[in-house]
Amino acid sequence: MKVFFLVLLGNIFYCQEEYIVTIPATSYYDWIYFSIEDNSTIEIQNPESSLDWDLAFQRKHIKTNSGLSGPGYGGAFVDSVGYLDVGAYMWSDEWGNINTLSDYEYEINWLEDTIHNDFYDLATHTFVEGIKNPALNTWGWFNESYQLVPTNYVMFVKCANGNDVIKIWAYDYYQNGAGGNISLRYQTGLNISDSCEGY
């Protein structure tokens with residue numbers, strides 16, 4: 001699904017397009033790389049040196065092209081505690097209402113990818129180290145029945161170019177009946193420079 005619309009905020013136009021995709025991130029070992037510009041998964045030979053990808057997925061884990069994952073200027077921000085005066089927002093309630101970063105102007109702290117010790121190893125049945133984004137790690141949690149429950153937190157991702165920003169909502173982990181098939185809704189057109197360039 002693709003929706004195109006313009007939002008007028010003050011004197012700034014945001015060129016926004018919305019997409020819904022399914023990411024087949026079912027492997028415990030391989031990453032699925034995604035380009036926001038192409039709106040599709042892509043093959044990447046050397047992700048550690050490539051600027052062609054913006055996000056990567058492996059089971060529940062999500063990377064941005066930043067920090068230890070790649071050479072990009074990406075990152076992520078999540079409002080899980082309620083930075084705004086009215087308290088915490090969730091995408092399940094506010095997807096259509098938050099179309100700018102201006103409300104978070106003084107609160108945004110873009111997090112880059114770092115090492116985490118919660119990657120499940122099928123061979124040893126233990127948790128091992130891996131690299132992912134700490135902000136996006138909060139998109140869902142496993143309950144006592146080992147079922148992933150999305151949090152619906154308000155999340156933003158900065159693309160590899162360091163300027164283009166998307167709002168992102170990973171709202172399902174079991175598309176097609178199997179774990180790791182992530183239903184993802186995202187909207188482009190939020191720029192660090194508040195311009196209408198790019199996507």
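Keep in mind it's a predicted model, so treat the numbers as computed, not measured.
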Name the atoms and distances for all side-chain donor-acceptor pairs under 3.5 Å in residues 40-52, with sequence neighbours left out.
{"residue": "S49", "atom": "OG", "partner": "N46", "partner atom": "O", "Å": "3.3"}
{"residue": "S50", "atom": "OG", "partner": "D52", "partner atom": "N", "Å": "3.0"}

Pair N163, K158: side-chain N/O donor-acceptor within cut-off below 3.5 Å: no

Reported OG1-to-CG distance for the pair T64 and L111, which is rounded to 0.5 angstrom: 9.0 Å

Min side-chain heavy-atom separation T22-I182 under 4.5 Å: no

Donor-acceptor side-chain pairing of Q187 and N99 below 3.5 angstrom: yes

Reported CD1-to-CG distance for the pair I168 and L55, which is rounded to 0.5 angstrom: 5.0 Å

Shortest non-hydrogen contact between W110 and V157, atoms and distance: CZ3-C, 4.1 Å

Pairs where residues 139-148 contributes a residue and the test side-chain hydrogen bond (donor to acceptor under 3.5 Å, both in side chains) is met, not counting sequence neighbours: none

Straight-line distance of S92 OG to Y171 OH, nearest 0.5 Å: 13.0 Å

Between CD on residue E129 and CG on residue D121, distance to nearest 0.5 Å: 12.5 Å

N65 side-chain N/O to G72 backbone N/O, donor-acceptor pair under 3.5 Å: yes

4.5 Å side-chain heavy-atom contact, V78 and V154: no

Validation row, ring centre F127 to ring centre Y120 under 6.0 Å: yes

Which residues share a side chain to side chain donor-acceptor pair (under 3.5 Å) with Y28, sequence neighbours left out: R59

Side-chain donor or acceptor of T151 paired with backbone N/O of T138 under 3.5 Å: yes

Validation row: E112, T114 side chains within 4.5 angstrom (heavy atoms): no

Side chain to side chain donor-acceptor pair (under 3.5 Å) involving S69 - partner list, sequence neighbours excluded: D113

Any side-chain heavy-atom pair of Y153 and S80 under 4.5 Å: yes

Nearest atoms (heavy-atom pairs only) where A123 meets Y29: N-OH, 3.7 Å

Side chain to side chain, L136 and M155, heavy atoms closer than 4.5 Å: yes

Pairing residues for Y186 by the ring pair (Phe, Tyr, Trp, His ring centres under 6.0 Å) criterion, not counting sequence neighbours: Y19, F34

Gap separating the CE atom of M90 from the CD1 atom of I98, nearest 0.5 angstrom: 11.5 Å

Any donor-acceptor pair under 3.5 Å from K60 side chain to N137 backbone: yes

Whether N181 side chain and A178 backbone form a donor-acceptor pair below 3.5 Å: yes

Candidate pair E18 and W95, rule side-chain hydrogen bond (donor to acceptor under 3.5 Å, both in side chains), full reasoning: CA-CA 11 Å; E18 185 173 310; W95 179 262; 3.1 Å; yes

Minimal non-hydrogen separation, G74 against S66, with atom names: O-CB, 3.2 Å

W91: side chain to side chain donor-acceptor pair (under 3.5 Å) partners, not counting sequence neighbours: none

Between CD on residue Q16 and CD1 on residue I166, distance to nearest 0.5 Å: 12.0 Å

K132/D118 ion pair, N-O < 4.0 Å: yes

Residues Q175, S183; criterion side-chain hydrogen bond (donor to acceptor under 3.5 Å, both in side chains); working and verdict: CA-CA 6 Å; Q175 187 67 256; S183 295; 2.8 Å; yes

